[in-house]
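Throughout, protein chains are lettered first and strands after them, A, B, ... in sequence-line order, and every chain is numbered starting at 1.
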Amino acid sequence: MSKVLSAVAWPYANGPRHIGHVAGFGVPSDVFSRYMRMAGHDVLMVSGTDEHGTPILVAADAAGVTARELADTNNALIVQDLVDLGLSYDLFTRTTTGNHYRVVQELFRGVHANGYLVEQTTYGAISPSTGRTLPDRYIEGTCPICGYADARGDQCDNCGNQLDPTDLLDPRSKINGETPEFIETQHFFLDLPALAQALQDYLGGREASGTWRPNVIKFSLNLIEDLKPRAMTRDIDWGIPVPLDGWREQSAKRLYVWFDAVVGYLSASIEWARRLGDPERWRDWWNDPEALSYYFMGKDNIVFHSVIWPAELLAYNGAGERGGEAGEYGTLNLPTEVVSSEYMTMESKQFSTSRGHVILVGDMLSRYQPDALRYYICAAGPETSDADFTWSDFVLRTNSELVAGWGNLVNRTATMLAKNFGEIPAAGALEPVDETILATVRAGFDSVGDLVGRQRLRAGIAEAMRVVGEVNKYLTVTEPYKMKDESQRERLATVLHVAAQCVVDCNTLLAPFLPHSANLVHAALGGEGEFMPMPRIETVEELDTDNGAGLATYPVITGDYSATPSWQSHPVRVGAPVAKPTPIFTKLDPSVVEEELARLEK
RNA sequence: GGGGCGGUAGCUCAGUCGGUCAGAGCAGAGGACUCAUAAUCCUUGGGUCGUGGGUUCGAGCCCCACCCGCCCUACCA
């Protein structure tokens, strides 16, 4: 048994999230975390909403509200979506809490004290009316190379040349059209070159483990070949104050959103421990070199998790070429695994909230079962390459695999049990065919477990469904529905007992993927209580009112997962009542394809 | 410009160290069965493995070039 940190990417709170987001980080991390708990590991699964940065400010301005108000609204929406999906966070918090501010500032101070944050003067654009940094991508102008009128500050979409915003002719703010002002400004830069060797050693070791997805490790190793210092502060009035004398008081200088966002994994772990009343407990996951950590995200976040965050940690630990000492949090663990998903497209095009080419998680869950979405994401998600979500494929997979394959097995088994015995009967002598199917199903714990433990979810759920198919075959071969004569009563009881055991075991195999329906199947076959613990929303009070963005209370996702069932066969209880079942999964009418496509057209 | 990923049966995709690797699921066709949300089970797949070279006794799998699609390039997973 190991300490396992499940570090899940922090959804950005500039709006509600779409199903591509939860396909990238949410569902895969939950399946993995639930499996690891079942396998006996001590899992700490944390995340939260990422609420700082320019995009939130821009969205807030557009909506006529403050950044805090916008973040509050979207945090609430996102929390609801994630709970509805059944994502089993130990703590899902936010980056505007006093605790987060405090932890981020300690990290920054530690990195600064060790000499890895260097002050530099840079030349950057600000908005004259607000005094805020204008990020390159928010500046438009005429391309000096090809004359394209709507070139972006970082790159011209027409000729593809990389640009510097100062190169643009007639530069203008994409936000309000005004002409940006280019000023000299002071910022702190993370000295990545001084950490390059340490990063090289770290990533080299990770590469040697052979467990990272090839594109992630290759991409990361490529990045560290050419490291430059990177700004960790911004001219912006929405973010975490720089915790140094002379800077703290400057309301227009804040920490770069990505400096603080990745620290969230640590701050959320600490918040979790504090709320537990055991404030040092987080150290089991962060200071023990034997503890494992798995970070889940979409591919556009790889650099922050495989390079920037390890660099921050190495700098805090004092492990770069400038040396140094760890601060009050001690020597912190670097990521064991960076598990990155690719992109999920929809109907062959990239999701685009602004263009309305999007399926929001909340909309999806208002019309379909959460486990139907979870099944689709696990079976056809963007695990190692981009994957296309289409409504016709969603309907097909739901109906032919979830409903016809698994749901039907549960239904036919429970129906025969209810009709013939009204309970789980005791088995008589087992025949070879019975022994074989029981062994086949039990072998699934090894094969499925091995795949899920290596984050091979597509292969894992396919293997579980293969086992389901074997059990369907068992019923076809043994033909219990033909055993109507009293002389066959004992054989009937035996077959149905075996079938019930197989269904219960399949349910356990599928439980990490389909926790909601696992509880329904459990109950349908006479199981008592809840099988898979589910998360809940709890409103909590701010722990550090002297810091943070001024929250008083806020919603978090949490849960007690200590009753998670173990990853093994759980014997059925003879005599457990089985009533005529109601179908677990809803079959979808093919017309939903057209309906949903029509929704997209709007 | 630089970097990455993908191009395998109608569709969605597996193919780890090069030698039963030419596969699975779905769709389609035929059959069996009726407990089950007409669900299940069995049988049925000859696709230049993007193109052209090369290395090798042997290459989807390695190398080179090219074509096509997608993505990243540091503030939208």
Side-chain angles (χ1 to χ4, degrees), chain A residues 8-12 14-15 17-26 50 52-59 133 135-138 154-155 159-162 210 214-216 218-219 222-223 225-226 228 230-231 234 236 256-258 261 296-304 307-308 340-345 348-354 379-380 382 384-388 390 392-393 396-397 399-401 403-405 407-420 458-459 462 465-466 469 471-477 479-483 496 499 581-587:
Chain A
V8 189
W10 292 49
Y12 199 60
N14 63 339
R17 295 298 89 185
H18 58 64
I19 60 171
H21 293 111
V22 294
F25 64 82
D50 176 11
H52 296 127
T54 305
I56 295 237
L57 266 184
V58 172
T133 297
D136 293 353
R137 66 187 196 122
Y138 281 107
D154 52 349
Q155 181 176 334
C159 65
N161 282 293
Q162 198 145 20
N215 59 328
V216 178
K218 277 164 64 181
F219 181 67
N222 189 337
L223 285 168
E225 305 229 325
D226 181 30
K228 292 192 268 291
R230 185 159 167 156
R234 288 291 187 275
I236 188 174
Y256 171 45
V257 62
W258 267 114
F296 293 86
M297 75 219 65
K299 63 178 165 186
D300 57 339
N301 276 192
I302 292 174
V303 61
F304 299 105
V307 178
I308 306 296
S340 162
S341 296
E342 303 297 300
Y343 280 111
M344 179 173 259
T345 54
S348 302
K349 283 189 291 190
Q350 192 165 11
F351 280 100
S352 169
T353 305
S354 57
T384 54
S385 62
D386 291 353
D388 193 31
T390 65
S392 62
D393 197 37
L396 189 68
R397 282 190 178 269
N399 288 349
S400 66
E401 297 175 28
V403 176
N408 181 52
L409 174 62
V410 175
N411 214 32
R412 67 197 297 212
T413 303
T415 299
M416 285 188 277
L417 281 165
K419 202 179 284 186
N420 293 292
R458 288 175 70 127
M465 292 301 284
R466 184 190 65 78
V471 181
N472 265 321
K473 189 186 300 184
Y474 170 78
L475 289 178
T476 299
V477 170
E479 302 180 314
Y481 40 83
K482 287 185 177 172
M483 301 172 187
L496 292 185
T582 51
I584 306 288
F585 299 105
T586 306
K587 186 168 179 173

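- Heavy-atom minimum distance, A:Phe25 versus A:Pro11: CZ-CG, 3.8 Å.
- Qualifying salt bridge (Lys or Arg N to Asp or Glu O under 4.0 Å) partners for A:Lys587, counting only residues two or more places apart in sequence or in other chains: none.
- At the heavy-atom level, A:Trp10 lies nowhere under 4.0 Å from the strands shown.
- The residue A:Met465 sits apart from the nucleic acid: no heavy atom pair falls under 4.0 Å.
- To the nearest 0.5 Å, atom CG of residue A:Asn472 and atom CG of residue A:Asn408 are 6.0 Å apart.
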Per-nucleotide protein contact string for nucleotides 29-38 of chain B (B base, S sugar-phosphate only, - none; heavy atom under 4.0 Å): ----SSBBB-
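- Listed by chain and residue number, A:Val216, A:Phe219, A:Ser220, A:Lys299, A:Ser306, A:Ser340 satisfy the side chain to side chain contact (heavy atoms under 4.5 Å, CB included) test with A:Ile302 (two or more places apart in sequence, or in another chain).
- For A:Thr54, the side chain to side chain contact (heavy atoms under 4.5 Å, CB included) criterion is met by A:Val58, A:Pro135, A:Tyr138, A:Ile236, not counting sequence neighbours.
- Residues A:Arg397 and A:Ala380 approach most closely at NE-CB, 3.6 Å, considering heavy atoms.
- With sequence neighbours excluded, the residues that form a side chain to side chain contact (heavy atoms under 4.5 Å, CB included) with A:Ala459 are A:Leu451, A:Arg456.
- At whole-Å resolution of the value, CD in A:Glu401 and C1' in B:rA24 are 11 Å apart.
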Can you name the atoms? Protein N/O to nucleotides 42-45 of chain B N/O, anything below 3.5 Å, with the distance.
| unit_1 | atom_1 | unit_2 | atom_2 | d |
| --- | --- | --- | --- | --- |
| B:rC42 | OP1 | A:Lys473 | NZ | 3.0 |

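- Classification of B:rG31 as anti follows from a glycosidic angle more than 90° from 0.
- In this structure, A:Asn399 has no side chain to side chain donor-acceptor pair (under 3.5 Å) partners at least two apart in sequence or on a different chain.
- On the C1' atoms, B:rC62 is 39 Å away from B:rU43, given to the nearest whole Å.
- Remark: the separation of the C1' atoms in B:rU40 and B:rC33 is 8 Å, to the nearest Å.
- A search for side chain to side chain donor-acceptor pair (under 3.5 Å) contacts involving A:Arg234 returns nothing, not counting sequence neighbours.
- For the atom pair CZ (A:Arg412) and OG1 (A:Thr476), the distance works out to 4.5 Å, reported to the nearest 0.5 Å.
- Note: CG (A:Leu396) to P (B:rC26) measures 9 Å, nearest angstrom.
- B:rC71 and B:rU55 have their P atoms separated by 37 Å, with the value rounded to a whole Å.
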Sugar-phosphate or base contact per nucleotide [nucleotides 11-18 of chain B; S, B, -; heavy atom under 4.0 Å]: --SSS---
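- When distances run from any side-chain atom of A:Ala404 to the nucleotides B:rC71, B:rC76, B:rA39, the shortest one goes to B:rA39.
- Contact annotation for A:Tyr12: no contact, since no heavy-atom pair falls under 4.0 Å across all strands.
- For A:Tyr474 and B:rU40, the shortest distance from a side-chain N or O to OP1 or OP2 is not below 4.0 Å.
- Distance check on atom C1': B:rG58 versus B:rU20 gives 14 Å, rounded to whole Å.
- Comparing B:rG25 with B:rC67, their C1' atoms sit 30 Å apart, to the nearest whole Å.
- Using a 4.0 Å heavy-atom distance criterion, A:Gly15 is classed as making no nucleic acid contact.
- Closest approach of A:Ile56 to A:Tyr12, counting heavy atoms only: CG1-OH, 3.0 Å.
- A distance of 10.0 Å separates OG1 of A:Thr413 from OH of A:Tyr474, quoted to the nearest 0.5 Å.
- Taking the side chain to side chain contact (heavy atoms under 4.5 Å, CB included) definition, one finds that A:Pro581 meets it with A:Asn411, A:Ala414, A:Thr415, sequence neighbours left out.
- Between the CD1 atom of A:Ile302 and the C1' atom of B:rU73 there is a distance of 13 Å, rounded to whole Å.
- Only the P atoms considered, B:rU8 is 15 Å distant from B:rG60, to the nearest whole Å.
- Shown here for A:Ser341 and A:Gly24, the closest heavy-atom pair between the two residues is OG-O, 2.8 Å.
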Nucleotide-level pairing of RNA chain B, given in dot-bracket where Watson-Crick and G-U pairs need both distances under 3.5 Å and | marks other strands: (((((((..((((.........)))).(((((.......))))).....(((((.......))))))))))))....
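- If you take atom C1' in B:rU44 and the same atom in B:rG4, they sit 41 Å apart, rounded to whole Å.
- Rounded to the nearest Å, the gap between the C1' atom of B:rG47 and that of B:rA14 is 15 Å.
- In this structure, CG of A:Asn399 is placed 12 Å from C1' of B:rC26, rounded to the nearest angstrom.
- Remark: A:Asp393 pairs with A:Tyr376 by the side chain to side chain donor-acceptor pair (under 3.5 Å) rule, at least two apart or across chains.
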